[in-house]
2 protein chains.
Amino acid sequence: MAETSRPTIADVARRAGVSKGLVSFALNGRPGVSPASRERILDAARELGWSPSLRARSLSVGRSFACGLVIGRSPDVIAADPFFPSFIAGLEDVLSTSGQVLVLAAVTPGRHEEQTYRNLAHDKRVDGVILTDLRVADARVGLVEELGLAAVTLGVPDLASPFSSVSVDDGAGIRHAVEHLAELGHRDIAHVAGPEEMLHASRRARAFVETAEAHGMRGRVLTTDFSAAEGAAATRALLEGDAPPTAIVYSNDHMAVAGLGIAQRLGLTVPRDLSITGFDDTDLGRHLHPALTSVATDARAWGAVAARTLLEALAGTPATHLDLDEPTLVVRESTGPAPRRPRRSRGSTV
Amino acid sequence: MAETSRPTIADVARRAGVSKGLVSFALNGRPGVSPASRERILDAARELGWSPSLRARSLSVGRSFACGLVIGRSPDVIAADPFFPSFIAGLEDVLSTSGQVLVLAAVTPGRHEEQTYRNLAHDKRVDGVILTDLRVADARVGLVEELGLAAVTLGVPDLASPFSSVSVDDGAGIRHAVEHLAELGHRDIAHVAGPEEMLHASRRARAFVETAEAHGMRGRVLTTDFSAAEGAAATRALLEGDAPPTAIVYSNDHMAVAGLGIAQRLGLTVPRDLSITGFDDTDLGRHLHPALTSVATDARAWGAVAARTLLEALAGTPATHLDLDEPTLVVRESTGPAPRRPRRSRGSTV
DNA sequence: TTGTATGCGTTATCAG
DNA sequence: CTGATAACGCATACAA
């Protein structure tokens with residue numbers, strides 16, 4: 001019963017009476033092996049229960065059969081974001097059925113990030129990477145190219161990129177939210193946005209401004225770092241200012257929940273006094289009181305497509321671009337008709 | 001500028017005028033190399049900018065320099081749980097400074113899980129694994145041992161284990177919560193628990209029952225799957241039943257938030273009519289209205305210690321057990337004095 | 001103290 | 001067309 005070491009191609013070769021090289025050719029189904037030899041080799045391999053050593057394979061073909069995901073956010077922000085778990089599940093759906101493995105690196109943003117990519121490339125720990133949270137003039141695109149890694153980007157970078165990309169039109173999601181509010185009679189709305197240097201955050205903000213404008217609504221934008229704390233602060237600034245908006249469109253659910261908390265704290269009733277929409281359609285949102293109206297994207301599908309695209313790139317397919325289904329707006333209880341007359345501001349204290 | 005292939009020990013050997021074997025000895029600081037040769041070899045390596053090929057090293061020493069984390073929960077439940085991002089950040093804190101890498105596998109619970117461990121071991125993709133979410137009579141302990149992987153468990157398994165473990169006394173966290181409620185005058189409280197087969201969930205439930213009993217309180221326990229949906233359902237059952245409790249202790253923040261939603265939906269004011277405590281101290285909790293009283297654990301520290309312990313196990317240190325700091329109770333606004341007289345039940349509808 | 005041979009699977013090169 | 005050989009990159013047991 002002792003765990004004897006695995007059979008190698010040398011064992012198979014000996015048993016079949018041929019050389020190691022020929023065994024490799026036969027096992028990989030390559031031409032140049034006589035039918036008789038091939039059968040003998042395959043039989044020998046089966047009898048010995050041979051399977052290739054991934055490490056030896058990895059050494060000789062120069063691939064690691066692994067893909068990398070470097071998440072450059074603070075743990076707090078990741079923890080609040082339902083995107084990554086679902087996205088990673090989608091990646092796994094594809095990678096695990098392709099004999100690939102996911103190498104995950106969580107880094108605090110900044111210098112560490114570049115070093116992480118360099119280390120992954122230097123040690124050839126991954127064959128390719130998935131680039132998420134694209135930033136304005138994102139240095140990672142050039143870096144990864146220079147390092148000789150394959151890659152796929154989530155969304156199209158704002159500078160030339162040699163990599164395939166997979167996009168979700170989150171602008172459309174915001175558009176749906178704003179149009180929903182327009183139909184409810186809102187004329188003065190605000191957007192609590194993510195960091196301007198994040199491409200998807202600024203895309204959402206732009207869609208907000210454009211759609212509000214198209215419907216003749218006033219549309220203010222406040223920028224945050226995507227955290228609940230800054231989402232709460234932005235909400236407070238909005239609601240305590242003169243002429244507060246009658247609806248707020250948040251760039252993620254996390255801030256929307258914090259904003260809801262602030263509104264309630266200020267004595268407002270949602271959606272009677274203020275309408276609120278989130279983004280992500282967190283599981284939690286539907287259990288709040290009021291349940292959160294939110295933009296839903298299919299992060300898991302996104303992950304699966306991203307993984308598939310990366311594997312194709314590794315197989316030599318030229319760079320392409322894919323668009324996934326548009327996000328949908330899930331209307332629940334946090335949005336309602338615009339209040340008839342503007343609330344008096346500064347009407348309540350904490 | 002062409003990316004010329006990296007120097008190998010053969011290059012170093014040639015330059016130093018010695019054999020490959022001796023180079024390896026010198027570079028690894030092993031005895032049996034004359035000072036003169038050693039210096040010549042080190043100089044040559046420095047001049048050539050040599051660094052070892054991880055893959056070749058991996059092949060020859062039979063290690064992968066990677067650790068694995070297999071998460072066996074549905075993406076929804078992971079997404080809601082702030083534990084993993086923080087825990088993973090803690091793992092990275094240690095692994096990244098040790099030249100190790102984290103291989104992450106997200107599997108839907110069930111058969112897939114075992115196969116994932118088998119694959120990781122068969123391909124020797126990881127040297128060791130971190131076992132989280134320990135279950136009653138957890139088959140993974142024996143499986144991982146049989147597969148010849150090193151491991152560290154989060155908490156002590158309920159059956160013999162050859163592995164080191166790192167524990168946080170979450171029972172103490174629940175105790176703090178219950179004692180807090182006792183001081184506030186509550187006499188009839190409930191616990192919305194996680195699955196009985198999960199060791200930490202049942203540990204929390206046991207601590208709840210014991211502490212309630214010790215303080216002469218009535219203490220009911222309802223079991224869920226840790227999801228917001230079941231947390232909400234349990235809360236509804238509690239509040240709509242006869243003689244509802246005056247406080248509910250939840251086994252995670254996610255269910256606590258959902259429970260808060262239900263309470264508000266039923267017309268209750270928290271904490272006037274009902275006190276609520278969570279577990280995890282999610283960032284979101286402090287931004288709710290009312291802000292959530294919750295048990296805080298240091299998941300990041302837990303991850304760091306778990307990684308360090310696993311690395312020690314890989315280095316041959318015999319199995320040990322470590323206890324981390326007790327969780328603390330962060331008192332916010334969702335807990336208050338017990339209502340004077342019991343509310344009338346069935347007093348409101350949705 | 002130092003050199004040599006072996007192990008892994010793949011593949012370029014060479015021999016029949 | 002079929003098949004053998006050697007090299008790859010490192011560590012290490014063994015020989016000298």
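Every chain is numbered from 1, with letters handed out A, B, ... down the list of sequences. Please read these numbers as outputs of a predicted model, since none were measured by experiment.
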Assign [X] to base, sugar-phosphate, or nothing according to its heavy-atom contacts below 4.0 angstrom with the strands shown.
{"X": "Arg30(B)", "result": "sugar-phosphate"}
{"X": "Thr8(A)", "result": "sugar-phosphate"}
{"X": "Val18(A)", "result": "sugar-phosphate"}
{"X": "Ser37(B)", "result": "sugar-phosphate"}
{"X": "Ser19(A)", "result": "base"}

From [atom1] of [X] over to [atom2] of [N], roughly how many Å is that when rounded to an integer?
{"X": "Ile9(B)", "N": "dG9(D)", "atom1": "CD1", "atom2": "P", "value": "9 Å"}
{"X": "Arg55(A)", "N": "dT10(C)", "atom1": "CZ", "atom2": "C1'", "value": "18 Å"}
{"X": "Leu54(B)", "N": "dC10(D)", "atom1": "CG", "atom2": "P", "value": "11 Å"}
{"X": "Arg63(A)", "N": "dG9(C)", "atom1": "CZ", "atom2": "P", "value": "18 Å"}
{"X": "Leu27(A)", "N": "dT11(C)", "atom1": "CG", "atom2": "C1'", "value": "15 Å"}
{"X": "Lys20(B)", "N": "dC10(D)", "atom1": "NZ", "atom2": "C1'", "value": "7 Å"}
{"X": "Phe65(A)", "N": "dT10(C)", "atom1": "CZ", "atom2": "C1'", "value": "11 Å"}
{"X": "Leu59(A)", "N": "dT10(C)", "atom1": "CG", "atom2": "C1'", "value": "9 Å"}

### Message
Both atom distances under 3.5 Å, Watson-Crick or G-U wobble: I'd like the secondary structure of DNA chain C as a dot-bracket string, with | for pairs made across strands.
### Response
||||||||||||||||
### Query
Taking NZ, NE, NH1 and NH2 as the nitrogens, is one of them in Asp43(A) or Arg46(A) under 4.0 Å from a carboxylate oxygen of the other?
yes
#### Entry: Electrostatic pair Arg14(A)-Asp11(A), nearest N-O below 4.0 angstrom
yes
### Message
If the test is side chain to side chain contact (heavy atoms under 4.5 Å, CB included), which one of Val141(A), Val129(A), Val152(A) qualifies with Phe163(A)?
### Response
Val141(A)
Considering only side-chain heavy atoms of [X], which listed nucleotide, [options], is closest?
{"X": "Val33(B)", "options": "dA12(C), dT2(C), dA7(D)", "result": "dT2(C)"}
{"X": "Phe25(B)", "options": "dT10(C), dC10(D), dT12(D)", "result": "dT12(D)"}
{"X": "Ala56(B)", "options": "dT10(C), dA4(D), dC10(D)", "result": "dC10(D)"}

For [N], does either OP1 or OP2 sit under 4.0 Å from a side-chain N or O belonging to [X]?
{"X": "Trp50(A)", "N": "dG9(C)", "result": "yes"}
{"X": "Ser24(A)", "N": "dT10(C)", "result": "yes"}
{"X": "Asn28(A)", "N": "dG9(C)", "result": "no"}
{"X": "Ser34(A)", "N": "dG3(D)", "result": "yes"}

### Task
Taking the side chain as every heavy atom from C-beta outward, state whether Leu154(A) and Leu134(A) have any pair of such atoms under 4.5 Å apart.
no
### Query
So, does Arg140(B) use its side chain to make a donor-acceptor pair with the main chain of Thr132(B) at under 3.5 Å?
yes
### Query
Are the side chain of Ser164(A) and the backbone of Thr320(A) linked by a donor-acceptor contact shorter than 3.5 Å?
yes
### Query
Is there a donor in the side chain of His112(A) and an acceptor in the side chain of Ser96(B), or the other way round, less than 3.5 Å apart?
no
### Task
Classify the ring geometry between Phe87(A) and Phe84(A) as parallel (under 30°), tilted (30 to 60°) or perpendicular (over 60°).
perpendicular
